[in-house]
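Shown next, in structure tokens, is the structure this report addresses.
A, B, ... follow the sequence lines: proteins, then strands. Residue 1 opens every chain.
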Amino acid sequence: MPDTDIQGSAYNYAYLDEQTKRMIRRAILKAVAVPGYQVPFGGREMPLPYGWGTGGIQVTAAIIGRDDTLKVIDQGADDTTNAVSIRRFFARVADVATTTRTEEATIIQTRHRVPETPLRDGQILVFQVPIPEPLRMLEPRETETRTLHALSEYGVMQVSLYESIARHGRIAKTYNYPVMVNGRYIMSPSPIPKFDNPKLDRSPALQLYGAGREKRIYAVPPHTPVKSLDFDDHPFEIETWTESCALCGSKESFLDEMIVDDAGKRLFVCSDTDYCESRR
Amino acid sequence: MRGPLLSACGVTKRFGGRIACRDVSFDLWPGEVLGIVGESGSGKTTLLNCLAGRLAPDGGSVTYETLSAGIVDVHHLSEARRRLLARTEWGFVNQDARDGLRMGVSAGANIGERLMAVGARHYGEIRREAIDWMTRVEIDADRLDDRPTTYSGGMRQRLQIARNLVSKPRLVFMDEPTGGLDVSVQARILDLLRGLVEGLHLSAVLVTHDLGVARLLTHRLMVMQGGMVVEQGLTDQVLDDPQHAYTQMLVASILPV
Amino acid sequence: MTSSRPALRVCGLTKSFIVHAQGDLALPVLRDVALSVSPGECLALVGPSGAGKSTLLRSLYGNYRADGGSIRVRQDEAWTELVGAEPRTVLDVRHRTMGFVSQFLRVIPRVSAVDVVAEPLRRRGSEPAEARRRAEFLLAMLGIPARLWSLPPATFSGGEQQRVNIARSLIVDYPILLLDEPTASLDAANRDGVVELIRQRRDAGAAIVGIFHDTGVRDAVATRVHEVLPPAQPAGVSPGVAA
């Protein structure tokens, strides 16, 4: 539905032209059909630099409609520059309602976190992804990583976990912790803390991942098994804190450590601002 | 009696107009170690790569009797099957250990990779197996968590051997496994290989230009010249009673010690 | 005398060397050799130096490639032809049936004397400890001092190396034994030990073919002689074969 008259601007609805959106939707459909598989797409130049969420924005632009309610978070916060800019961007070019409330949102674009509030059917979580290839640090050749995925040859990924235990006595990776999707593809969950990995498993929400620089889209459809890689004798574990949130008292959420004065006084607060506010 | 483990039939490989190997045929039987000798450029390594499925020949076929799926044509297998074969039933020992090792991860991870690739998920057991293999190739178990970059040339080569043998392959391809090493280091690796090949009932195809290595490790020899096999037979017979002019020249060229 | 069936039978064996570096010079050595050895026999090859005794022995072992004729070995109650045989057939015969004692030990780097000796037994599937015991027994019997057993034989004297080699070749009870000057560089005492071992083997039923320059040794072990003559004579007047 071409709609060129958004608040008097000459831009198409949701910034991208309809052909581009169609192309991205096709990539998304394929990604949903093959969970965890990285689908190449014709990434466009967006009005913000690579690394600021160009992949996520294109995915959001391709799926958003006037009835949607958009929430954007960055490191769990709704009020950081990046989150505010993207939220305003879509309010302007897509004429959608925005919210900071996880329950109210139909689309949540996120960088580095999954909301603490459990997601529900019908919600879509759009991740901004810097490096989509989980094997990249182990195998620099793209032709080879593609072959490894195609043949499910994932020994090298396990090698990296082995090496981590050998060096640190445990799997020291704390974010961007690799997962196996639907028993088939190893996937990078984007740089979310491993604390959030269990939330990906069989989530009722649709997860879409967009990498702008590398021009890849991948997805985890609702209720899909997502398993964090580990060893039988070194099982996957999430972070825990002895402290609780200084603002809401939560003991269950992911906490950020803050230095609050020149004396080095430390404070732990929820990384998810919406969750924290709703509990106060 | 069982059939041959590996059979080459008329294997031919060209690079542009140049023929690297021509019409090579042989059977490798279980437990046999076949040496391929000849000087540089005679097509030995090209042939080895064709046999190991790393290079597609322009003519001929290579068949292998798998453990579970009967006889397969190595070059008609899907890439997935061929790669699986290469990291389970086969081994490949490169001349330069750096080509066969992951230099960025520890020795233990290098040895454990094949185990993890086929589903091993118990860190402690992988480690135990890695230590066992370190010991078998005479590397101090203390060095388990060190990277091969800190190893000497001989140790790297022994680590590469362990990395290959941990999956208990039936067939190992070796490309000048002692090339570029000091003589004393060479002797240790030769001795080690001899013991392992015998103890594990391995079959092997070994490419070397060193007739001493061939005599020590192989049962049979193929002598290559200009891409063709000019003579083959029992190793000691080929070396002690060479028939072909080229083999006689090769044998006569060995410096006496 | 040959009451039992022969263990080794040779007929029409021909062997020449072609030296390509010298204009394909042909050096005929063996022509139409025939012989047969039964269990319990020790056949001594005699003839002037250069007549081809060693070549004949090596051809029997498959170390030299015969040009024509037949070398048959009794194995598994059947004849196995070695001329033109597949390498693995020859290896199988060497593995189970036919042993060879050469004059010189081919040293294996880093492997101790006792392991060098034990290896053929181990390769046939014996317990390593048992193979080692047998090896030590043989080394002791051949007069190798125990302090040398764990050393690689590379630094041993010629006589010591030869005895290690004899022990290695005799550790397996091969039904057929080929001996190339087994006592060549041994002193009297050690020679007697070797002679005793060979006689034991012969009397236990091994079929033996050997070259023994020392007539004393030859008389002590041989039951028959086979004359090998230089091949200078034209075909047709080849010497009668002693048998």
Whether over 12 other heavy atoms sit under 6.0 Å from B:Arg87 CZ: yes

Proximity breakdown for B:Arg102 and chain A, heavy-atom pairs closer than 4.5 Å: side chain

A:Trp52, CH2: over 12 other non-hydrogen atoms inside 6.0 angstrom: no

Pair B:Met116-A:Phe231, side-chain contact (heavy atoms from CB on, under 4.5 Å): steps then yes or no: CA-CA 10 Å; B:Met116 292 184 257; A:Phe231 286 94; 3.8 Å; yes

Atom CZ of A:Arg266: over 12 foreign heavy atoms under 6.0 Å: no

Main-chain N/O of B:Tyr123 paired with A:Asp233 side-chain donor or acceptor, under 3.5 Å: yes

B:Arg14, CZ: over 12 other non-hydrogen atoms inside 6.0 angstrom: no

Most chain A-contacting option - heavy-atom pairs closer than 4.5 Å, from B:Ala80, B:Ala109, B:Ala117, B:Gly119: B:Ala109

A:Lys173, NZ: over 12 other non-hydrogen atoms inside 6.0 angstrom: yes

Chain B contact residues among residues 143-169 of chain A, heavy-atom distance under 4.5 Å: A:Glu144, A:Thr147, A:Leu148, A:Leu151, A:Glu153, A:Gly155, A:Val156, A:Gln158, A:Val159, A:Tyr162, A:Glu163, A:Ile165, A:Ala166, A:Arg167

Within 6.0 Å of OH in A:Tyr175, more than 12 heavy atoms from elsewhere: no

Neighbour count above 12 (heavy atom, 6.0 Å) for A:His223 NE2: yes

Heavy atoms from other residues, nucleotides or ligands near CZ of B:Arg147 exceed 12 (cutoff 6.0 Å): yes

